[in-house]
Amino acid sequence: MARAKVLLVDDEVEFASTLSERLNIRGYDTKAVYSADAVLNKVRSDIPDVVILDLKMPGANGLDILKAIKQFNPSIEVILLTGHGSEQCTAESESGGAFDYMMKPVEIDSLTEKIEMALGKKQK
Amino acid sequence: MLKADRPRGMIDRLRRKVVSWSIMPAPTGPTEDVLSKDRYKSLRVRIFFLICTLAGIPIVVITVISYGWLQSALKEDFDNQLKGSVESTRQSIEFFIEERISALRFLASDNSFGQLSDKKYLNEIFVNFKREFGELVDLGMINSEGVQLTYSGPYDLRGKNYTNQYWFNAAAARGVYVSDVFMGYRKIPHFAIAVKKELPEKGTFCILRATIDMATLNRYISTVNLKSKDDAFIINQDGILQTTSRFHGNILEKINIEIPPTKGTVSLNEIRQAGRAPFIFGLTTIKNSPWIIAVTVNSTAQTKLFDLLTSDMDAIYLALVLLVLGIIANMKIAATVVNWIRDAEQEREEAIVQTHHTGRLASIGRLAAGVAHEINNPLAIINEKAGLMKDLMLMSNEPPDKEKFLGLIKAISDSVNRCRTITHRLLGFARRMDVQHEEIDLNDTIGEVIEFLDKEVLYRNIKLETHLQEDLPRIISDKGQLQQVFLNIINNAIDAVPDGGVIAVSTEVKDRERVRVSIMDNGQGIPKDTIKNIFEPFYTTKGKGKGTGLGLSISYGIIQRLGGDISVESEVGEGSTFYVELPIRAVGQ
Amino acid sequence: MKDLCLSFINRILSSYVHEVRNYLAIIKETNGLMKDIIQIGKSRAVEAKQFLGFIGCVEDQIERAAAITDYLHRFAHRMDCERAAVSINELIEELIALMTRLAYRRRIAFEKELRGGLPLTVINPILFHYLLFCIIDSRLSRLDRNGIVRIATSFSEGRLRINVSSKGDVVQDGAADLCRDEEINGLAVDLGAEISKDGNDLVIKVPVTA
């Protein structure tokens, strides 16, 4: 069975690369990009199943990237990563079309659980 | 470029000058306590004199006007009364004389020359006449040669020749004559009335003459309403007294007053003579006589008014009491007004201190929140690295590689260091909240502020340049408050520039006493009509709910208290530059 | 009072930093130990069982650091505005979390009994923090080692009740309070709250809308 494609977007290279490796160990085909400019190109070229997107990146508003991804392909599920949760976060992510959001530092098992739920929704 | 410090237009400067003179002495320096006792004491004194002047001027004006009006009203009343009294007396005297003249004329016309020449008959007439007019002294008939043919009276004047006497000729010419007063044989003042009787059958005339006692006229004169220092008397046209005078001489003496021209009505003249207080000289002619009624009045309306006012000591005491009460009331009012001002200023100071405090708390809160955000990243990295280590051990088919692990361990270590740096910065900031003045490196201070804003700047792709003079002297100041100011200004610059904009921070020595920090941005700039207000409290150009407009006014206040100055230059569409000048030595050193 | 308020924030921030640093220190040492073991060890492979323990420790510290950082974040945002609708329980949790190190230094523990479902109250959150801090700090300074400070919340007569009590030996010459009684009363008045004594307990009554 083809592995689910996950695209990880975060400007913290050490974080993104390590999490990417951990997700790969868990059977996902994970790639990481570290800048907002590269995101949309990667999304267009790889067409991932799930995008894990950091909200705060230099030179870009995470919600704008979310909107662009959804416009390109609404079936791509996006999980937002944020430093701190708040009602505003929930509202913004829901209105932007994100599947869910998670707080850093990320609990890997919770993340994989959310990825599976996103994939399940996608298949429906 | 438009330069703006605190608003200092000409009108504004003038207004501040007037306000500062008339209301509040301004503090003499940035560190002077605006709520000092001396300022309020000075203010109380100024307000007291201001109230006294403002209240006193109209009172004085009204008093002067009222006094003058009252004086003139009293004078008019006095003059009218005087005139009335004199007029009344004149009329009485005129009537008296007229009556006597009429009576004599009647006698003359009703009796023949022959009857009048009869001594016995004349005596009878005299007795009847005297019965009617008590003041009659004698009665005589003089022929046209001027010889007294008959006489009835206390003297023996029969045969006396009056041909050369003025009265005889005057009576012969005019038909009637009233004489001046003369002393009789018994040194009693009399006057004479002579009437002419024509004798057409003889082609000649005779004169009937009566001598009248002045007593009645004296009585009339005494009815003029006068005070003790005043005088009323009758004079002739030459100023010779015809009746007794209290102050101006005896009968038949000339008064020492120049007689002004007389009119038909009573005239009042103010006379000034050397060595004497001015007085009123009132006079009017008496018809059918050579006389003038005269009055001299020393008690004028002015004196009367003054006497009136000063005679009532109760009123004087009351006025003094009211004056003292008024002064006390003024002092109380001044104290109350100053208390209101002081309370208002204190409230304002407290409000400013409170808003400053609130602003400070808000900025501390922002910093602490920023730190919390920042720390999460290295924590997340450590988490992933450690997690990967675990994964490699649990999930990988091959045993984990040592080199790989060492790499992960190093990454963890680096992240731990990063956390430590962030927390070290936070600790430094926290500790600095207590410290007031210390020797600081301004470049380091600015550097720390920029570090706090690193993430935000990076996030928006803003280019934040620094041109910090290397050998900038260390300054004595409050690092915590300075950081708050720079944070505020740089945050404003961040808000003003678009994504990808430029902010440049530079430091330099301005002169021997000051250093200067410039914060330049290429943002939207500040319009001319806005720039003069930007340091005012509660002035904001941000939308509702986005800014309280406190930042710059608080920053202005902080820099002022530190002995420095903030100014701004700006051009719409090009950007703004804020200049912060600080003394190298703290104020007072 | 404003300087004391800043001083209180200073202490809270310092306490957080020290707390986090402890976690970081443990992570660092554990990390260093793993490095040493790898470098010393002769085989190319890493000893799994031992390392899993280390990693577990590191993860625990991360969790603690993340948790307290979350409390710092919440505390920091309490300074955003002067009046806000807040949960008293949340405020108390934050403060206790951030004061844990201060209490730990004196070997004093916190106990919480925070009743659920309490209505929100509209107050100045940082002022409430400051008031509660003063009260707790005064207890900490008077208690001997191994003492306990207990905070309980409830709702009665239309008001929220925060009951601060302590168990343990009292130290007569304890450290000076941050706030004196007059200051505590002044803070309560500013907050619209009422302070009373209930035996040895101190009770803060806060209306639902102050």
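Predicted model only: the values in this text are computed from it and were never measured. Naming: A, B, ... by sequence-line order, numbering from 1 per chain.
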Are more than 12 heavy atoms from other residues, nucleotides or ligands located less than 6.0 Å from atom [atom1] of [X]?
{"X": "C:Y104", "atom1": "OH", "answer": "no"}
{"X": "C:R107", "atom1": "CZ", "answer": "yes"}
{"X": "C:E63", "atom1": "CD", "answer": "no"}
{"X": "C:R101", "atom1": "CZ", "answer": "yes"}

Notebook entry, point to check: So which part of C:F54 gets closer than 4.5 Å to some heavy atom of chain B, the side chain, the backbone, both or neither?
Noted result: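 Contact with chain B involves no heavy atom of C:F54 at all.
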Margin query: I need the minimum non-hydrogen distance between C:I55 and B:A386, along with the two atoms involved.
Written below: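 Between these two residues, the closest heavy atoms are CG2-O, 3.2 Å.
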Notebook entry, point to check: B:A368 and C:L13: which non-hydrogen atoms are nearest, and at how many Å?
Noted result: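 That closest heavy-atom pairing would be CB-CD2, 4.0 Å.
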To the nearest 0.5 Å, how far apart are [atom1] in [X] and [atom2] in [Y]?
{"X": "C:E59", "Y": "B:K390", "atom1": "CD", "atom2": "NZ", "result": "3.5 Å"}
{"X": "B:S413", "Y": "C:M34", "atom1": "OG", "atom2": "CE", "result": "10.5 Å"}
{"X": "C:H73", "Y": "B:N376", "atom1": "NE2", "atom2": "CG", "result": "8.5 Å"}

Next item on the list: Identify which of C:N31, C:I62, C:L24, C:I27 forms the greatest number of heavy-atom pairs closer than 4.5 Å to chain B.
Entry: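 Of the candidates given, the most pairs with chain B belong to C:N31.
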Margin query: Between B:I375 and chain C, with a heavy-atom cut-off of 4.5 Å, which part of the residue counts as in contact: side chain, backbone, both or neither?
Written below: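 Only the side chain of B:I375 comes within 4.5 Å of chain C.
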Note to self: Among residues at least two apart in sequence or on other chains, which ones pass side chain to side chain contact (heavy atoms under 4.5 Å, CB included) with C:R150?
What the structure shows: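 Applying side chain to side chain contact (heavy atoms under 4.5 Å, CB included) to C:R150 gives C:E111, C:E113, C:A152, C:S165.
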Next item on the list: For B:T421, check side chain to side chain contact (heavy atoms under 4.5 Å, CB included) against everything at least two apart and list the hits.
Entry: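 Counting only residues at least two positions away or on another chain, B:T421 forms no side chain to side chain contact (heavy atoms under 4.5 Å, CB included).
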Does some side-chain heavy atom of [Y] sit less than 4.5 Å from a side-chain heavy atom of [X]?
{"X": "C:K35", "Y": "B:K410", "value": "no"}
{"X": "C:V58", "Y": "B:N383", "value": "no"}
{"X": "C:Y23", "Y": "B:I382", "value": "no"}

Check: Yes or no on side chain to side chain contact (heavy atoms under 4.5 Å, CB included) for C:T30 and B:I412, after CA distance, side-chain angles and deciding distance?
Finding: CA-CA 10 Å; C:T30 309; B:I412 288 174; over 6 Å; no
